[in-house]
Amino acid sequence: MHVPDGFINTPVSVAAGVVAAGAVAVSLRGARRELGGSPAELPGADRTAPLAGLVAAFVFAVQMLNFPVAAGTSGHLLGGALAAILVGPFTGVLCIAVVLLMQGILFADGGLTALGVNITVMGVVTVLVAYGLFRGLVKILPRTRRSVTAASFVAALVSVPAAAAAFTLLYEVGGLTEVPIGSVLTAMVGVHVLIGIGEAVITMLTVGAVIAVRPDLVYGARGLSAPLKLRVGGELVDAPAAAGPAPAAARSPRRLWLGGLVTSLVLAGFVSFYASADPDGLEKVAADNGIDRTVEEHAAADSPLADYGVKDVSDARLSGGLAGVIGVGATVALGSGVFYVVRRRRSEDAGPESVQGSV
Amino acid sequence: MGAGHAHKLYRHGHSPVHRLPAHCKLLAVLGFVLVVVSTPREAVWAFGLYAVLLGTVAAVARIPAGFLLKRLLIEIPFVAFALLMPFVVPGEQTEVLGISLSVPGLWGAWNILAKGTLGVAASVILASTTELRSLLLGLQRLRLPSLLVQIASFMIRYGDVIADEMRRMSIARRSRGFEARGVRHWGVLAKSAGALFIRSYERGERVHLAMVSRGYTGTMPVLHDVRATRAQWSYAAALPVTALAVCLLGWTL
């Protein structure tokens, strides 16, 4: 899936490069926290390079591990979801980005001008989708090992077609040849759902194997361990918590949230500037063949955002960008609202004594 | 990363291209690829000139054509995508050997094939004339964050170690009569991958401790800083500047 040179046009490549550079910069800071040892010392400035480097080498090696499918065909792991779950999203993005950079420069796998596209699609989108889903599922499901493996299955399963869809979107915005985008999307997502099933099974089994031996190494399963109990006179008593390692400093999700919001707004508002204002492939075919004469207008056709443009704004590009920004805002508001309601209901259900899962 | 650890893609040599500082070469390749990508696809002759330019560089670097062509095979997946284009892209049709192909699809396929191949060839020449260590130093000189360069250098340094570890596991599996034949055997392979992750991570911890005990504080000292002279810069700039001239001709003609 490495995109070569000359596949995506220059403005979109540049925009993707900016997104990729921003993501790598954020990840460089975040990875120090994820890989930093004890929180007492300076947060992991010197641990980051060796550990992230070795994890990148692992991702590189595991991509060479062939999984036979049937009748002589075989596939290999892409590793984005696996890296995100095992070492955390920031380190995951960083490792995938480094692997892609080295593949681009050394092995000529993926074009140099398409590096931003490759990192955005295979690193950022895969890791964000996988880790977001994973975190959400782990929060909802009971706190057991089995739900961690189940969550990693779903996360890996969705992340691969999501990356394919993201690539198709970039191709739609900046592709150099008009291809009927509907059929491309169907084909890409269809094929990648199949690949995603394989990826999901392998990721789930691998995460399960690591959890069985070193659960402390699985970043996504941190906080799963039950508190130590002592059997004193036939009764279970909570052990004094002094010896336990201090939990990783709970950091506010606000910065991550803000970063994501700003990225989406930039993408929606700025990148869609470059989106072709011409009808897309499918609409064009429809118009050429007169199919669309019988199409009735969508029920929301007079909504202020119909057809990805804001009414009363004449400049097509400006209007498209505005519609993108408003769309992102609405999505974020809706999503946060749903999340807030769910969380409130959950905390009411759980009551004051939080349920300790068996591990 | 002495001579013994040179990667397999590197061809040892003493040509003028080998001697150029890595960051000059990196910028030259990047500039060349940028120029190629922004050339209009209708200027077919321009891509021929680009190929001649790259051929000249390869000849100066004394890279055999067979080596170059073998390394070009990496782009096969996208060649397949390109070959599909004439059949699926809508637009006016043309008859070639009795098969109806779409004209925009043919242009799209040509675009991907020409630009992709030239980009791959340029990267291959870069990788085969530059040692890994100097390539990483070149990236650092180009103001890539030093942490990123360190991660990349650790990845390259231990990539072979981890791959060898994987190979040893594979030998161990096979010597116990295991042969992966289908989906039923994924569990075993995934357990190997999990073990590989644990071993890599623990090796990372050991490497970190070993380095800390030798005075590592998070930054690598730069032992010999390679500065490029004006002559070297202009020598390296020859490729992208010539390509830019061709590109401008392609836009005007």
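These numbers come from the heavy atoms of this one structure, side chains and all, not from hydrogens, waters or symmetry mates.
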Kindly indicate whether the side chain of [X], heavy atoms from C-beta on, has any atom under 4.5 Å from the side chain of [Y].
X	Y	result
B:Y216	A:P50	yes
B:I198	A:V210	yes
A:F60	B:I162	no
B:M155	A:V55	no
B:V29	A:I105	no
A:M102	B:L136	yes
B:L34	A:L112	no
B:Y201	A:V87	yes

To the nearest 0.5 Å, how far apart are [atom1] in [X] and [atom2] in [Y]?
X	Y	atom1	atom2	answer
A:T113	B:F32	OG1	CZ	11.5 Å
B:I151	A:T91	CD1	OG1	8.0 Å
A:L54	B:E205	CG	CD	9.5 Å
A:L205	B:W186	CG	CH2	9.0 Å
A:L106	B:L135	CG	CG	6.0 Å
B:L147	A:R29	CG	CZ	12.0 Å

Taking side chain as everything from C-beta outward and backbone as N, CA, C, O, which of these in A:L77 sits under 4.5 Å from a heavy atom of chain B? Side chain, backbone, both or neither.
neither
Is it the backbone or the side chain of A:L82 that comes under 4.5 Å from a heavy atom of chain B, or both, or neither?
neither
Name the region of [X], side chain, backbone, both or neither, that has any atom closer than 4.5 Å to a heavy atom of chain A.
X	value
B:L144	side chain
B:L113	neither
B:L72	neither
B:L126	side chain
B:V212	side chain

As an exercise: rank [options] by heavy-atom pairs under 4.5 Å with chain B and give me the winner.
options	value
A:V62, A:V98, A:V24	A:V98
A:G198, A:A97, A:A212	A:G198
A:D5, A:I202, A:V213	A:D5

Determine the option with the most heavy-atom pairs under 4.5 angstrom with chain A, choosing from [options].
options	answer
B:A163, B:S200, B:G119	B:S200
B:S170, B:S192, B:S123, B:A114	B:S123
B:R199, B:Q150, B:R184, B:E202	B:E202

Show the nearest heavy-atom pair for residues A:A209 and B:A190, with the distance to one decimal.
CB-O, 4.3 Å
List the steps and the verdict of side chain to side chain contact (heavy atoms under 4.5 Å, CB included) for A:L51 and B:V207.
CA-CA 8 Å; A:L51 283 178; B:V207 167; over 6 Å; no
